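To keep things clear, I will list the structure first and then write my remarks on it.
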2 protein chains.
Amino acid sequence: MYQDELVELFKKHKLKNTNHRHMLYMLLKESKQPISAEEIYRLISVKLDKPINLSTVYRILETFEQKGLVLKSQINLNGKALYEINHMEHRHHLICIKCNKISPIKGCPLGDYEIELEKQTGYKILEHNLEIKGLCPSCQKT
Amino acid sequence: MYQDELVELFKKHKLKNTNHRHMLYMLLKESKQPISAEEIYRLISVKLDKPINLSTVYRILETFEQKGLVLKSQINLNGKALYEINHMEHRHHLICIKCNKISPIKGCPLGDYEIELEKQTGYKILEHNLEIKGLCPSCQKT
DNA sequence: GTAACTGCAAACCTTTTGCAGCTTG
DNA sequence: CAAGCTGCAAAAGGTTTGCAGTTAC
């Protein structure tokens with residue numbers, strides 16, 4: 001993703017283009033797994049001379065979330081919320097209980113099931129979260 | 001569940017029988033949905049002359065969780081953790097996004113899928129969480 | 001009698017907020 | 001220039017902890 005695409009994206013969402021926002025967006029975009037505000041804070045800080053402020057991180061995340069650019073993940077790590085880019089596609093995660101690695105899964109096993117469930121329960125189903133836990137290949141060895 | 005069954009259960013887990021623990025256990029046992037520590041605190045307090053202490057609630061919950069009697073639910077309500085009795089059966093929940101009502105679902109749609117996923121990813125799958133969100137019948141009307 | 005449970009107050013940790021100053025469009 | 005970002009410090013809200021006193025076994 002190039003600089004101008006990002007500028008364009010922000011313009012579309014009526015967001016001012018600031019260095020912090022660009023960095024935060026790219027960080028999440030390139031992250032292979034959901035990360036916490038503190039982690040974002042640390043990562044951005046090392047890239048800059050002067051560290052970013054933690055509240056700024058939270059505020060940017062909140063803004064992005066409201067614009068639908070970022071998702072606050074259902075997964076919590078030791079009481080810390082995790083954030084990820086909204087890929088605009090339905091996606092689930094596989095979490096290693098040992099090393100906490102989080103990998104996205106392709107596809108979703110719940111298709112017809114939701115329709116069935118609506119009939120059974122009378123609920124109007126809108127969304128779901130699925131997280132699967134286990135041991136990743138490398139943690140199985142140890 | 002009768003008093004002596006509870007005494008027996010606690011004995012089995014090497015837990016001392018205290019009034020607070022009995023009340024907390026029964027409360028969760030009879031609750032139709034996961035509830036927060038604060039809610040437990042409130043509910044027990046109204047049943048007693050003298051209110052229970054919030055930290056006691058947290059400590060009992062932690063103890064029960066370690067013994068496998070209680071599950072800390074994956075579902076968070078406004079940053080508050082929710083707890084439920086460990087029914088020892090695989091169970092998922094349906095959550096109304098409007099009134100926050102939580103209903104257990106019978107059955108689980110993920111059976112063969114996990115086996116398939118193990119083959120695909122190399123993970124050893126141990127557990128999963130599924131929460132489905134929507135509008136409950138009464139909230140759909142309004 | 002001893003180990004474990006409880007209440008109380010304080011600490012902890014993540015997240016939020018008010019305000020003053022600065023930057024973007 | 002106006003609107004809206006940002007840093008700083010303080011507050012908020014849920015959860016944990018140390019300690020002293022009490023209770024269960």
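In what follows, every chain begins at residue 1, and chains take the letters A, B, ... in the order their sequences are listed. Excluded from the calculations below are hydrogen atoms, water molecules and symmetry mates; all remaining heavy atoms, backbone and side chain alike, are included. This structure is a prediction, so every number in the text was calculated from the model and none was measured.
Spacing between atom CG of B:Leu82 and atom C1' of D:dG14 amounts to 12 Å, rounded to whole angstrom units. The interatomic distance linking A:Leu48 (CG) with D:dT6 (C1') rounds to 13 Å, in whole Å. The nearest whole Å value for the distance from the NE2 atom in B:His20 to the P atom in D:dA24 is 11 Å. The interatomic distance linking B:Ile52 (CD1) with D:dT15 (P) rounds to 15 Å, in whole Å. Taking atom CD of residue B:Glu38 and atom C1' of nucleotide D:dT15, one finds them 12 Å apart after rounding to whole Å. The interatomic distance linking B:Leu77 (CG) with D:dG13 (P) rounds to 15 Å, in whole Å. We find that NZ of A:Lys14 is positioned 13 Å from P of D:dC5, with the value rounded to whole Å. Note: CG (A:Leu54) to P (D:dC5) measures 19 Å, nearest angstrom.
Between B:Asn78 and B:Asn17, the residue anchored closer to the 5' end of DNA chain D is B:Asn78, taking for each the nucleotide with the nearest heavy atom. Take the nearest nucleotide of DNA chain C for B:Lys16 and for B:Pro51: the residue whose nucleotide is more 5' is B:Lys16. Both B:Asn19 and B:Tyr83 sit near DNA chain D, but only B:Tyr83 has its closest nucleotide nearer the 5' end.
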Could you go through residues 51-65 of chain B and list every donor-acceptor pair under 3.5 Å that involves a side-chain atom there, pairing it with any protein atom two or more places apart or in another chain?
from: B:Asn53; atom 1: OD1; to: B:Ser55; atom 2: N; distance (Å): 3.0
from: B:Asn53; atom 1: OD1; to: B:Ser55; atom 2: OG; distance (Å): 2.6
from: B:Thr63; atom 1: OG1; to: B:Arg59; atom 2: O; distance (Å): 2.8

Show the numbers, then the answer: is there a side-chain contact (heavy atoms from CB on, under 4.5 Å) between A:Leu110 and B:Leu130? CA-CA 10 Å; A:Leu110 306 151; B:Leu130 171 63; 3.6 Å; yes
Are B:His92 and A:His128 close enough, and set up right, to give a side chain to side chain donor-acceptor pair (under 3.5 Å), and what steps lead you there? CA-CA 11 Å; B:His92 299 305; A:His128 67 249; over 6 Å; no
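Axis orientation changes by 40° from one end of the helix from C:dG1-D:dC25 to C:dG25-D:dC1 to the other, with each end axis drawn from 5 pairs and the value rounded to 10°.
In summary, the side chains of B:His22 and B:Gln3 do present a donor paired with an acceptor at a separation below 3.5 Å, with no hydrogens or angles considered. Side chains of A:Ser103 and A:Lys32: a donor-acceptor N/O pair is absent below 3.5 angstrom, by distance only. Between the side chains of B:Ser138 and B:Lys101, not a single donor N or O lies within less than 3.5 Å of an accepting N or O.
Within residues 56-73 of chain B, the residues having any heavy atom under 4.0 Å from DNA chain C are, by residue number, B:Thr56, B:Arg59, B:Ile60.
What you find for B:Leu82 and B:Ser36 is that their closest heavy atoms are CD2-N, 3.5 Å. For the pair A:Tyr123 and B:Gly134, the tightest heavy-atom approach, listed with the atom from each and the gap, is CD2-C, 4.3 Å.
Considering only heavy atoms from C-beta on, A:Leu9 stays 4.5 Å or farther from A:Leu15 through its side chain. For the pair A:Leu28/A:Ile35, a side-chain contact is recorded, criterion being any heavy-atom separation below 4.5 Å from C-beta on.
Between chain B and DNA chain C, the heavy-atom contact criterion of under 4.0 Å yields a 5' to 3' nucleotide range of C:dA3 to C:dA9.
For A:Thr18 and D:dT6, the shortest distance from a side-chain N or O to OP1 or OP2 is below 4.0 Å.
Residue contacts shown for A:Ser55 include a base, since a base heavy atom lies under 4.0 Å away.
Within the structure, salt bridge (charged side-chain N to carboxylate O under 4.0 Å, His left out) contacts touching residues 68-96 of chain A (residues at least two apart or in different chains) are A:Glu38-A:Lys80, A:Glu89-A:Arg91.
Every residue meeting the side chain to side chain contact (heavy atoms under 4.5 Å, CB included) condition with A:Glu118, not counting sequence neighbours, appears here in chain and number order: A:Lys124, A:Ile125.
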